Amino acid sequence: MRKSVVLALSAGALAGSVLAPAAASASTGGLATAGTLGSAAVASHAAAKAAAAVSDPDTTVTFAVTSGELTITAPVAASLGSSAPGETLSGVLGTVTVSDNRALLSASWTATAASTSFTTGAGTPAETIPASDATYTPGTVHTTGVITATPTQITLSNSPQTVVAGANGTGNNSASWDPTVAISIPAAAVFGTYAGTIAHSVS
């Protein structure tokens with residue numbers, strides 16, 4: 001009886017050893033087919049992407065940024081009011097503006113002011129107040145863009161002097177100020193309406 005049992009177990013083991021490889025082979029065959037199909041799908045997708053890349057061309061875009069000029073504007077006329085001989089008369093000129101439209105990588109500029117003498121009547125020595133009797137004070141400077149603007153108070157003269165200096169600028173910029181002019185009227189000044197010219201420039 002033991003022998004028959006042993007044989008029965010041996011036969012089962014033999015059957016298992018025969019059937020297992022076949023099942024494994026069938027299973028392996030199934031996986032191989034799926035892998036082959038997956039590889040084909042991946043290759044097809046890659047080919048589609050390559051075709052799409054070839055059909056999507058690149059375009060190089062160019063354009064130019066233009067450059068303008070460096071200019072300064074100031075009021076055409078200004079009245080400072082009136083005062084008596086021996087007194088100091090002061091008033092504002094109105095807005096002076098520097099516009100730097102050169103679009104520079106490193107921008108700087110210098111604004112200057114010069115003045116003629118102030119005369120009345122025929123402009124004789126007794127009817128003349130020299131420019132050096134007047135001061136020019138820029139006051140607060142308002143800027144746009146990137147620029148550092150530094151104001152300087154001056155005593156006016158016939159020669160240009162720096163009143164506002166612009167530095168450390170980039171691209172277009174501007175600066176505006178409303179200068180105050182103060183005139184010390186000599187005690188010997190004669191009656192009359194005096195006129196002179198203050199000239200602004202920038203470079």
Side-chain angles (χ1 to χ4, degrees), residues 31-80 90-118 131-132 134-183 195-203:
L31 289 175
T33 302
T36 302
L37 290 175
S39 298
V42 170
S44 176
H45 180 64
K49 286 184 65 177
V54 171
S55 64
D56 294 341
D58 294 333
T59 300
T60 300
V61 178
T62 63
F63 59 90
V65 175
T66 60
S67 176
E69 298 180 345
L70 175 64
T71 61
I72 189 168
T73 60
V76 174
S79 175
L80 303 183
S90 66
V92 294
L93 292 186
T95 303
V96 178
T97 301
V98 169
S99 298
D100 184 359
N101 296 319
R102 297 172 297 174
L104 297 177
L105 176 62
S106 179
S108 63
W109 45 260
T110 300
T112 63
S115 178
T116 64
S117 296
F118 302 91
S132 57
T135 59
Y136 178 112
T137 306
T140 302
V141 181
H142 302 279
T143 63
T144 65
V146 179
I147 193 71
T148 300
T150 304
T152 301
Q153 177 181 317
I154 63 169
T155 296
L156 286 168
S157 74
N158 301 136
S159 300
Q161 299 176 77
T162 301
V163 291
V164 177
N168 303 318
T170 301
N172 288 354
N173 62 84
S174 70
S176 298
W177 62 96
D178 192 1
T180 298
V181 173
I183 301 176
T197 299
I198 295 177
H200 292 87
S201 63
V202 67
S203 59

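For the numbers below, each heavy atom of this structure counts, side chains included, while hydrogens, waters and symmetry mates do not. All residue numbers refer to positions in the sequence shown, counting from 1. Note that this is a predicted model, so its numbers are computed, not measured.
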Evaluate the side chain to side chain donor-acceptor pair (under 3.5 Å) criterion for residues Thr144 and Ser174: first the C-alpha distance (whole Å), next the side-chain angles of each, then the deciding distance (0.1 Å), finally the verdict.
CA-CA 5 Å; Thr144 65; Ser174 70; 2.4 Å; yes

Please walk me through it: do Val181 and Leu80 pass side-chain contact (heavy atoms from CB on, under 4.5 Å)?
CA-CA 8 Å; Val181 173; Leu80 303 183; 4.1 Å; yes

Yes or no on side-chain contact (heavy atoms from CB on, under 4.5 Å) for Val163 and Thr152, after CA distance, side-chain angles and deciding distance?
CA-CA 5 Å; Val163 291; Thr152 301; 5.8 Å; no

Check the pair Trp177, Thr137 against side-chain contact (heavy atoms from CB on, under 4.5 Å), reporting the backbone distance first and the verdict last.
CA-CA 10 Å; Trp177 62 96; Thr137 306; over 6 Å; no

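Residues Thr143 and Ala149 approach most closely at CG2-CB, 3.8 Å, considering heavy atoms. The minimum heavy-atom distance linking Ala107 with Gly171 is given by the pair CB-O, 4.4 Å. Between Thr95 and Pro75, the shortest heavy-atom distance links the atoms O-CD, 3.4 Å. Closest non-hydrogen pair, Ala131 versus Phe118, comes out as CA-CE1, 4.3 Å. Nearest approach of Val164 to Pro138, heavy atoms of both residues: CG2-CB, 4.1 Å. Heavy atoms only, all atoms of each residue included: Pro151 and Val141 are closest at CB-CG2, 3.9 Å.
Under the 3.5 Å distance criterion, the side-chain polar atoms of Asn158 are matched with a main-chain donor or acceptor of Ser115. Side-chain N or O atoms of Asp178 include one that pairs as donor or acceptor with a backbone N or O of Gly94 at under 3.5 Å. With hydrogens and angles ignored, the 3.5 Å screen pairs no side-chain donor or acceptor of Asp58 with any backbone N or O of Thr60.
Separation of atoms CG (Asn172) and OG (Ser67) is listed at 7.5 Å; rounding is to 0.5 Å. Here Leu105 contributes atom CG and Thr170 contributes atom OG1; the two are 6.0 Å apart, rounded to the nearest 0.5 Å. Here the CG-CG distance, from Leu70 to Asn101, works out to 8.5 Å after rounding to the nearest 0.5 Å. The distance from atom NE2 of His200 to atom CD1 of Ile72, rounded to the nearest 0.5 Å, is 6.0 Å. Rounded to the nearest 0.5 Å, atoms OG1 (Thr180) and OH (Tyr136) are 9.5 Å apart. Between Leu93 atom CG and Ile198 atom CD1 the span is 5.0 Å, to the nearest 0.5 Å.
Under the side-chain contact (heavy atoms from CB on, under 4.5 Å) criterion, Thr71 pairs with Glu69, Ser99, sequence neighbours left out. Taking Thr116 as the reference, Thr197 meet the side-chain contact (heavy atoms from CB on, under 4.5 Å) condition, with sequence neighbours excluded.
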